[in-house]
Amino acid sequence: MLIDPSEGTVFAIRRENGASDVVLVCEHAAHTIPRKLGTLGLEEATLKSHIGWDPGAADVAERLSEMLDAPLVMQRFSRLVYDCNRPPEAADAYPERSEIYSVPGNQNLSEEDRACRAEALYHPFHNAIDALIDSRLSAGRRVVLVTVHSFTPVYFGKPRDGLLGILHDADSRLADAMLAAVAKEKLEGVLRNYPYGADDGVTHTLKRHGLARQIANVMLEIRNDLIADAPGQELWADRIAGLLRTAISDLEEQGGRLHA
């Protein structure tokens, strides 16, 4: 058993019965490593850096959950153990290297090791999202999927000047509506598919839960230095909540296009 029961549940759910159509997901909410794996051979400061989680993302997601009265599903263990925004067959679901850092505890994993991690972390997390979304759809409710991430302002030594990325895969309905709201409000530094996009393999959660059900979906990437403290988290949660409200309202006015 990879995770001892004393370490708690793999995922956390907030406001499961929230009134909003929005369902929030935060795949990289924590930097915790299961005790059985020690530190994966890394220093504590490295584990707490952006390679181990998305700093600030969980705090923004929790604020959004409160502002919108929206359910939120968060992963409670580090992306270095299993990246829940990747399918089990993806090599970078178990990263041997992240940016400039080698991850000793992920070197030469056997198929059994990989299957154990997927069984412990990936499947329970995504099954919980499946259950939440499907229960709402079965009750005749509309669902809008929003995943919340953060990105480092410097990557491989190169600065990233954008403030917020609005990412999508094949279904761009919600991203288009949010970017239209951005243009209307004249917000700067908000970009489509930034700092990466679907071709970089980052939209697994959108594909599994959004595209598969033909529900409107979007992935958000906030530069993590902007949400390093409570005021920044509150500011960006408020901005994003406003963009989502406007975008969803505009889609509804276009004929209820929250579902394809």
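The first residue of the sequence shown is numbered 1, and numbering continues consecutively from there.
- Within the 4.5 Å cutoff, the side chain of E62 has heavy atoms near those of the L72 side chain.
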Evaluate side chain to side chain donor-acceptor pair (under 3.5 Å) for H168 paired with R192, printing each intermediate quantity in order. CA-CA 8 Å; H168 60 84; R192 183 189 298 270; 3.0 Å; yes
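- For the pair R160 and Y155, the cation sits on the ring face: its NZ or CZ lies under 6.0 Å from the ring centre, inside 45° of the axis.
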For F151 and Y194: C-alpha separation, side-chain torsions, deciding distance, then whether ring pair (Phe, Tyr, Trp, His ring centres under 6.0 Å) applies. CA-CA 10 Å; F151 66 92; Y194 178 90; 5.6 Å; yes
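- In plain terms, the two heavy atoms of L174 and N217 that are nearest each other are CB-O, 3.8 Å.
- When atom types are taken as modelled, the side chain of N106 and the backbone of L80 share a donor-acceptor pair closer than 3.5 angstrom.
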Please assess T203 against D169 for the test side chain to side chain donor-acceptor pair (under 3.5 Å), listing each intermediate value before the final yes or no. CA-CA 6 Å; T203 56; D169 201 279; 2.6 Å; yes
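- Atom CD of E44 has 12 or fewer neighbouring heavy atoms from other residues, nucleotides or ligands inside a 6.0 Å radius.
- Other residues, nucleotides and ligands place no more than 12 heavy atoms under 6.0 Å from the CD atom of E119.
- Here the closest heavy-atom approach between residue E96 and residue N108 is recorded as OE2-N, 3.6 Å.
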Give the C-alpha distance, both sets of side-chain angles, the deciding distance and a yes or no for side chain to side chain contact (heavy atoms under 4.5 Å, CB included) between L206 and V218. CA-CA 7 Å; L206 298 188; V218 74; 5.8 Å; no
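- In this structure, I3 is a member of the same hydrophobic cluster as L109, with clusters built from ILVMFWY side-chain heavy atoms closer than 4.5 Å.
- A donor-acceptor pair under 3.5 Å is formed between the side chain of E7 and the backbone N or O of R35.
- The pair D54-R79 meets the salt-bridge criterion, since a charged nitrogen lies less than 4.0 angstrom from a carboxylate oxygen.
- Across every non-hydrogen atom of R136 and S20, the tightest pair is NH1-O, 2.9 Å.
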Could you walk me through whether Y94 and R86 pass the side chain to side chain contact (heavy atoms under 4.5 Å, CB included) test, one step at a time? CA-CA 9 Å; Y94 327 82; R86 301 292 190 277; over 6 Å; no
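- The aromatic rings of Y122 and Y82 lie tilted to each other, with the angle between the two planes from 30° to 60°.
- Within 6.0 Å of CG on D4 lie more than 12 heavy atoms contributed by other residues, nucleotides or ligands.
- In E89, the CD atom is crowded: over 12 heavy atoms of neighbouring residues, nucleotides or ligands sit closer than 6.0 Å.
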Step by step, work out the side chain to side chain contact (heavy atoms under 4.5 Å, CB included) result for L68 and R245. CA-CA 9 Å; L68 300 171; R245 289 189 185 104; 3.9 Å; yes
Between H209 and D130, does the side chain to side chain donor-acceptor pair (under 3.5 Å) criterion hold? Intermediate values first, please. CA-CA 7 Å; H209 301 289; D130 283 331; 3.0 Å; yes
Kindly determine whether N85 and H204 satisfy side chain to side chain donor-acceptor pair (under 3.5 Å), including the steps that lead there. CA-CA 5 Å; N85 196 26; H204 173 67; over 6 Å; no
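- Looking only at distances, a side-chain donor or acceptor of S110 sits under 3.5 Å from a matching main-chain atom of D113.
- H126 approaches C84 most closely through the heavy-atom pair NE2-O, 2.7 Å.
- Pairing each heavy atom of Q75 with each of E27, the nearest pair is CB-O, 3.2 Å.
- No side-chain donor-acceptor contact under 3.5 Å links D250 to the backbone of A247.
- V202 and W53 fall into different hydrophobic clusters, where Ile, Leu, Val, Met, Phe, Trp and Tyr residues are linked whenever their side-chain heavy atoms come under 4.5 Å apart, directly or through other members.
- When only modelled atom types and interatomic distance are considered, S172 and D176 share a side-chain donor-acceptor pair under 3.5 Å.
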